[in-house]
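In what follows, a single structure is set out as structure tokens and then discussed.
Here the structure is a predicted model, which means the values were calculated and not measured. Below, each value reflects all heavy atoms present in this structure, side chains not excepted, and no hydrogens, waters or symmetry copies.
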Amino acid sequence: MATEDDREQPARDSEPGVGAGSDLHSFAVQLRRLHGEINRLMHGFAGEQGLHVTDVQALSAILDAEEPMTPGRLREHLGLTSGAVTACLDRLERAGHIRRVRESADRRVVHLHYAADARPAARVHFRPLAEATQAATDRFDEDELAVALRFLTAMNEELGGREPRSGH
């Protein structure tokens, strides 16, 4: 959320040579707003499904993983304890959202898969996000979308490589 100091001095964070409206403050405001809107949808889905918001974050991580997700990688991704991840996975499995599968020669390795039967409920709930995304992308040409995607990818890379600061 923007503080009064942020609102009073947005140009101070501008990079030299960057046009009006593309200063760091403007990016921060729009990224927070986007995060808030997506978070609102996630909370609604969690409530509808009887899940915690962390469970929905876990579902997203499982769905978006480039290779089969494991409980250990999920723990690292979410920053949770082993016990908290186990409880989360238990809730997701009971609710029919995931399957735990031992598909490797090493039977200790568990892969997490988003259950096909759970996808329709997610599609229905997140349809407004898909529709808004389509409507927004329709406003831009392919070159502009490529730049926007590059920016979002770079932001995720930058944030993914940073440790959260301790509150101490």
Problem set entry | Over 12 non-hydrogen atoms of neighbours within 6.0 angstrom of CD in E142 | no
Problem set entry | Residue pair V109, R102: steps toward the side chain to side chain contact (heavy atoms under 4.5 Å, CB included) verdict | CA-CA 6 Å; V109 176; R102 286 179 165 76; over 6 Å; no
For this session: Would you indicate whether the side-chain heavy atoms of T70 and L112 approach each other to under 4.5 Å?
Result: no
Exercise. Can you tell me if R73 uses its side chain to pair, donor with acceptor, with the backbone of P68 under 3.5 Å?
Worked result: yes
Problem set entry | Side chain proximity check, R91 to H52, heavy atoms < 4.5 angstrom | yes
Exercise. CG/L89 to CZ/R94 distance, rounded to the nearest 0.5 angstrom?
Worked result: 11.0 Å
Exercise. Taking atom types as modelled, is there a side-chain donor on S26 or D23 under 3.5 Å from an acceptor on the other?
Worked result: yes
Exercise. What orientation do F45 and H97 show, parallel under 30°, tilted 30 to 60°, or perpendicular over 60°?
Worked result: perpendicular
Exercise. Quick check: does any side chain N or O of H125 sit under 3.5 Å from a backbone N or O of L41, one acting as donor and the other as acceptor?
Worked result: yes
Exercise. Is the closest basic N to carboxylate O distance between R100 and D90 below 4.0 Å?
Worked result: yes
For this session: Quick one: pull up SG in C88 and CG in L59 and give me the separation to the nearest 0.5 Å.
Result: 7.5 Å
Exercise. Say you draw a straight line from OG1 of T81 to CZ of R75; how long is it, rounded to the nearest 0.5 Å?
Worked result: 8.5 Å
Problem set entry | Identified side chain to side chain contact (heavy atoms under 4.5 Å, CB included) counterpart of M69 within the set L74, D64, I98, L63 | L74
For this session: Of all the heavy-atom pairs spanning A46 and V53, show the shortest one and how long it is.
Result: CB-N, 4.0 Å
Exercise. Which value, rounded to the nearest 0.5 Å, describes the distance between R99 atom CZ and D117 atom CG?
Worked result: 9.5 Å
Problem set entry | Neighbour count above 12 (heavy atom, 6.0 Å) for R119 CZ | yes
Problem set entry | Worked verdict on R150 versus T153 for side chain to side chain contact (heavy atoms under 4.5 Å, CB included) | CA-CA 5 Å; R150 258 187 29 237; T153 300; 5.7 Å; no
Exercise. Shared ILVMFWY cluster between Y114 and L129, side chains joined below 4.5 angstrom?
Worked result: yes
Exercise. In Å, rounded to the nearest 0.5 Å, how long is the span from CG of D55 to CE of M42?
Worked result: 10.0 Å
For this session: Would you mind reporting whether M155 and L152 have side-chain heavy atoms less than 4.5 Å apart?
Result: no
Problem set entry | Interatomic spacing from CZ in F126 to CD1 in I38 - rounded to 0.5 Å | 9.5 Å
Exercise. Taking all atoms of both residues into account, what is the closest heavy-atom pair of Q134 and D138, and its distance?
Worked result: NE2-OD1, 2.7 Å
For this session: State whether the side chain of E37 and the backbone N or O of L34 hold a donor-acceptor pair below 3.5 Å, judged by distance alone.
Result: no
Exercise. Do P71 and T86 have side-chain heavy atoms sitting under 4.5 Å apart?
Worked result: no
Problem set entry | Under 3.5 Å donor-acceptor, N39 side chain and G36 backbone | no
